[in-house]
Amino acid sequence: MRPGVSAIESSAMLTPTRRSMALAVVAVAMVLDLVDMTIINVAVPTLQAQFGASDAEVQWMVAGYSTIFALLLITGGRLGDIYGYKRIFLIGVAGFTLTSLFCGMAQTPGQLVAARLLQGGAAAIMLPQVMSLTQIMYAPHERMAALGLFGILGGLAAVLGPVIGGLLISANLFGLGWRPIFLVNLPIGILAIAFAVRVLPAGRSERRAKLDMIGTFLVMLLLFSLIFPLIQGRDYGWPVWGFLLMALAIPVGLLLMWHSQARMRRDGSPLIVPDLFHARAFSFGLVTTLIFQIATGGLLFTLALALQRGLGFTPAEVGITHVPYAFGEMQ
């Protein structure tokens with residue numbers, strides 16, 4: 001967006017065809033992210049058989065993506081405010097496509113874990129721009145239809161990950177086994193970049209946003225102190241340092257609250273805006289979403305393992321088993 005051009009003026013410059021194509025591009029990016037959060041679930045037994053991966057390594061393959069995504073999501077949105085939504089979106093999609101290639105080419109459990117962490121970081125850069133670009137492309141009275149589409153696609157994509165993954169693994173495309181669950185992102189990502197360059201509008205925040213690197217570090221430390229001992233504790237026999245590390249989350253959380261309030265008073269650009277939690281609707285929605293995501297994520301992961309390890313289902317059969325759940329999720 002040129003300096004002085006508002007978001008509504010920018011949306012008015014888009015033809016209906018270009019706007020529809022732009023919406024399709026950002027919707028594809030959102031679907032790619034949500035599918036890749038769960039697509040690996042059905043590949044866990046195959047990965048353990050091929051790599052000899054430990055349970056902790058498998059958990060990092062699954063949870064590492066969403067953990068890094070959550071850590072960097074707000075920062076990713078702030079980057080779009082500062083440097084432009086289209087530019088950061090393109091960087092995010094390119095990074096997501098490249099790291100998907102890294103995932104598909106991994107030769108060891110450690111390489112796949114590292115690639116998944118990088119992939120989650122790229123998704124955190126890419127996804128926030130979806131909503132920002134939608135606000136630029138659509139006037140306030142038009143946004144509900146686009147947001148409704150995102151709601152349907154989001155719920156469906158998150159559950160269809162195991163379905164798509166199961167079908168791809170069972171198809172054993174080109175003899176690649178589990179690798180196509182990541183490599184399939186390459187042609188989609190390349191096409192998304194090609195269309196995004198042509199149809200997405202430019203734009204950035206009209207206010208002078210700043211990065212909150214201290215806040216980002218504290219959030220990373222907070223989540224690491226909780227997640228690392230929970231994942232590694234079993235392999236290490238639940239050592240004392242694991243419980244001490246989890247207890248560290250309390251003072252780190254308090255320090256994050258203090259920093260956010262101080263940063264809000266100083267320049268109004270904390271990573272986490274404290275005033276949001278004073279809004280009852282926001283807090284209720286946050287808690288509801290957290291409970292739903294915990295239940296859904298845990299169910300899909302354990303269900304995929306139970307069906308394959310316990311009942312001997314093939315990956316394709318596991319994927320088909322998820323289809324009724326996917327339709328229920330859409331409702």
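We use all heavy atoms of the structure for the numbers below, so side chains are in, but hydrogens, waters and symmetry mates are not. Here the structure is a predicted model, which is why all the values come from computation and not from measurement.
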Take F102 and Q119, measure what side-chain contact (heavy atoms from CB on, under 4.5 Å) needs, and give me the verdict at the end.
CA-CA 9 Å; F102 293 162; Q119 190 185 35; over 6 Å; no
I40 and R116: side-chain contact (heavy atoms from CB on, under 4.5 Å), yes or no, with the steps?
CA-CA 10 Å; I40 197 174; R116 285 285 285 174; 3.8 Å; yes
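- Taking a 4.5 Å side-chain heavy-atom cut-off between Ile, Leu, Val, Met, Phe, Trp and Tyr, the cluster of L244 extends to V240.
- In this structure, the ring-ring contact (aromatic ring centres under 6.0 Å, His included) partners of W241, at least two apart in sequence or on a different chain, are Y236.
- Atom CG of residue L133 and atom NZ of residue K86 lie 9.5 Å apart, to the nearest 0.5 angstrom.
- Side-chain contact between M137 and P201 is present, with at least one heavy-atom pair separated by less than 4.5 Å.
- You'll find the side chain of V26 reaches within 4.5 Å of the side chain of L23, heavy atoms only.
- Put simply, the side chain of T108 gets close to the backbone of Q111: a donor and an acceptor are under 3.5 Å apart.
- Heavy-atom contacts from other residues, nucleotides or ligands closer than 6.0 Å to CG of L191 number more than 12.
- For Q261, there are no side chain to side chain donor-acceptor pair (under 3.5 Å) partners, not counting sequence neighbours.
- Partners of F228 according to the ring-ring contact (aromatic ring centres under 6.0 Å, His included) rule, which considers only residues two or more places apart in sequence or in another chain, are F224.
- For T216, the side chain to side chain donor-acceptor pair (under 3.5 Å) test picks out T75, with sequence neighbours left out.
- Residues I125 and M213 share a single hydrophobic cluster, defined by chaining ILVMFWY side chains whose heavy atoms lie under 4.5 Å apart.
- Once rounded to the nearest 0.5 Å, the distance linking CD1 of I39 with CD1 of I181 reads 5.5 Å.
- To the nearest 0.5 Å, atoms OG (S283) and CG (L276) are separated by 8.5 Å.
- Residue I74 is not grouped with residue L79 when hydrophobic side chains (ILVMFWY) are merged at heavy-atom distances under 4.5 angstrom, including chains of intermediate members.
- Among residues at least two apart or in separate chains, side chain to side chain donor-acceptor pair (under 3.5 Å) pairs with a member in residues 176-199 are D36-N185, Q50-W178, S100-N185.
- With sequence neighbours excluded, the residues that form a side chain to side chain donor-acceptor pair (under 3.5 Å) with D33 are Y65.
- A distance of 12.5 Å separates CE of M264 from CG of L271, quoted to the nearest 0.5 Å.
- For P180, the side chain to side chain contact (heavy atoms under 4.5 Å, CB included) partners at least two apart in sequence or on another chain are L173, L176.
- Within the model, atoms CG of N41 and CG of L305 stand 7.5 Å from one another, a figure rounded to the nearest 0.5 Å.
- The salt bridge (charged side-chain N to carboxylate O under 4.0 Å, His left out) search around R263 returns D212, D267, not counting sequence neighbours.
- In this structure, I214 places its CD1 atom where only 12 or fewer heavy-atom neighbours from other residues, nucleotides or ligands lie under 6.0 Å away.
- Atom-to-atom distance recorded for I193:CD1 and F195:CZ is 12.5 Å, nearest 0.5 angstrom.
- Counting heavy atoms from C-beta outward, L248 and P251 have side chains that approach closer than 4.5 Å.
- Residues that satisfy the ring-ring contact (aromatic ring centres under 6.0 Å, His included) test with F277, not counting sequence neighbours, are F282.
- Connection of I91 to L71 is not established within any shared hydrophobic cluster, with ILVMFWY side chains joined at heavy-atom distances below 4.5 Å, either directly or through further cluster members.
- With sequence neighbours excluded, no residue satisfies side chain to side chain donor-acceptor pair (under 3.5 Å) with Q59.
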Apply side-chain contact (heavy atoms from CB on, under 4.5 Å) to the pair E57 and F51, showing each step before the final yes or no.
CA-CA 10 Å; E57 287 172 326; F51 284 155; over 6 Å; no
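- Note on I272 and L221: same hydrophobic cluster, where clusters join Ile, Leu, Val, Met, Phe, Trp and Tyr whose side-chain heavy atoms are under 4.5 Å apart, directly or indirectly.
- Contact detail for V130 and T134: the closest heavy-atom pair is O-OG1, 2.7 Å.
- Side-chain atoms of Q107 come within 3.5 Å of backbone N or O of M105 as a donor-acceptor pair.
- Sorted by first and then second residue, the side chain to side chain donor-acceptor pair (under 3.5 Å) pairs involving residues 121-133 (not counting sequence neighbours) form an empty list.
- With hydrophobic clusters built from ILVMFWY side chains whose heavy atoms lie under 4.5 angstrom apart, V35 shares a cluster with F89.
- S170 places no side-chain N or O within donor-acceptor distance of the main-chain N or O of L167, the cut-off being under 3.5 Å.
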